[in-house]
Amino acid sequence: QVQLVQSGGGLVQAGDSLRVSCAASGGTLRGYAVGWFRQTPGEEREFVAAIDRNAAGTIYGNSVKGRFTISLENGKKAVNLQMSSLKPEDTAVYYCAAGRRVITSSLGNQGQYDFWGQGTQVTVSS
């Protein structure tokens, strides 16, 4: 079992960059697929990005492709989501999630993840 602790986020202007991180408390993320999802009030949670269990492949949601980058830190203790060219529509609470059983074809499926971070607010002003 892994406990996920998120950091980063905050208030930025459109066009700025921001990074949110997801760290494994007391362990590493070795062998875990890690995904980022986001949610705004009244909306379904949306897939943002994910990295597979072997840290060999990444996928992105269509709305962030080319602007966001997910990466696993050396030592495999944290996964970062680097966000650039931010837009007001990127405003949301961002959640990271981890799972050992997530297969590559299901990286975008939040139901496949077992552990979740506490959520981090990202607000982009126009």
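Just so you know, residue 1 is the first one in the sequence shown, and it goes up from there.
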Could you work out, with side-chain contact (heavy atoms from CB on, under 4.5 Å) as the rule, every residue matching [X], not counting sequence neighbours?
X	answer
Gln13	Asp16, Ser125
Glu89	Lys87
Ala24	Val2, Leu29
Ser85	Arg67

Please enumerate all residues that pass side chain to side chain donor-acceptor pair (under 3.5 Å) together with [X], with sequence neighbours excluded.
X	result
Gln118	none
Arg19	none
Glu73	Asn80
Tyr113	none

State, to 0.1 Å, how close [X] and [Y] come at their nearest heavy-atom pair, and which atoms those are.
X	Y	answer
Gly119	Val93	CA-CG1, 3.9 Å
Thr28	Gly75	CG2-O, 4.0 Å
Gln39	Glu43	NE2-O, 3.1 Å
Tyr32	Ala98	CD2-CB, 4.0 Å
Ala14	Ser126	CB-CA, 4.4 Å
Ser25	Val5	CB-CG2, 3.9 Å

Report yes or no: do Val48 and Val122 belong to one cluster of Ile/Leu/Val/Met/Phe/Trp/Tyr joined by side chain heavy-atom distances under 4.5 Å?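 Result: yes, single cluster for both.
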
Do Tyr94 and Val12 share a hydrophobic cluster, counting only Ile, Leu, Val, Met, Phe, Trp and Tyr and linking them when any side-chain heavy atoms are less than 4.5 Å apart?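 Tyr94 clusters together with Val12.
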
Atom pairs and distances, side-chain donor-acceptor, residues 49-65, under 3.5 Å, sequence neighbours left out:
from	atom 1	to	atom 2	distance (Å)
Asp52	OD1	Asn54	N	3.1
Asp52	OD1	Ala55	N	2.8
Asp52	OD1	Ala56	N	2.8
Asp52	OD1	Gly57	N	3.4
Asp52	OD2	Gly57	N	3.1
Arg53	NE	Val102	O	3.4
Arg53	NH1	Arg100	O	2.9
Tyr60	OH	Ile70	N	2.9
Asn62	OD1	Lys65	NZ	3.2
Ser63	OG	Arg38	NH2	3.2
Ser63	OG	Glu46	OE2	3.0

Excluding sequence neighbours, so at least two apart, what forms salt bridge (charged side-chain N to carboxylate O under 4.0 Å, His left out) with Arg101?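 Only Asp114 meet the salt bridge (charged side-chain N to carboxylate O under 4.0 Å, His left out) criterion with Arg101.
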
Look only at the side chain of Thr91 and the backbone of Val124, and say whether a donor-acceptor pair between them is shorter than 3.5 Å.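 Between the backbone of Val124 and the side chain of Thr91 there is a qualifying donor-acceptor contact (under 3.5 Å).
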
To the nearest 0.5 Å, how far apart are CD in Gln82 and OG1 in Thr69?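 Result: 7.0 Å between the selected atoms.
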
Rounded to the nearest 0.5 Å, what separates atom CG in Asp90 from atom OG1 in Thr40?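 Interatomic distance, Asp90 CG to Thr40 OG1, rounded to 0.5 Å: 11.0 Å.
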
Quick one: are Tyr95 and Gln110 in side-chain contact, heavy atoms under 4.5 Å?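 A side-chain contact is absent here, since even the closest heavy-atom pair is not under 4.5 Å.
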
Under the side chain to side chain contact (heavy atoms under 4.5 Å, CB included) rule, what do Phe68 and Trp36 come out as? Steps first, then yes or no, please. CA-CA 11 Å; Phe68 290 14; Trp36 284 96; over 6 Å; no

Among residues two or more places apart or on two chains, list those pairs meeting side-chain hydrogen bond (donor to acceptor under 3.5 Å, both in side chains) that have a residue in residues 2-12.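 Only Gln6-Thr120 qualify under side-chain hydrogen bond (donor to acceptor under 3.5 Å, both in side chains).
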
Of all residues at least two apart in sequence or in a different chain, which pass the ring-ring contact (aromatic ring centres under 6.0 Å, His included) check with Phe47?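 Phe37.
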
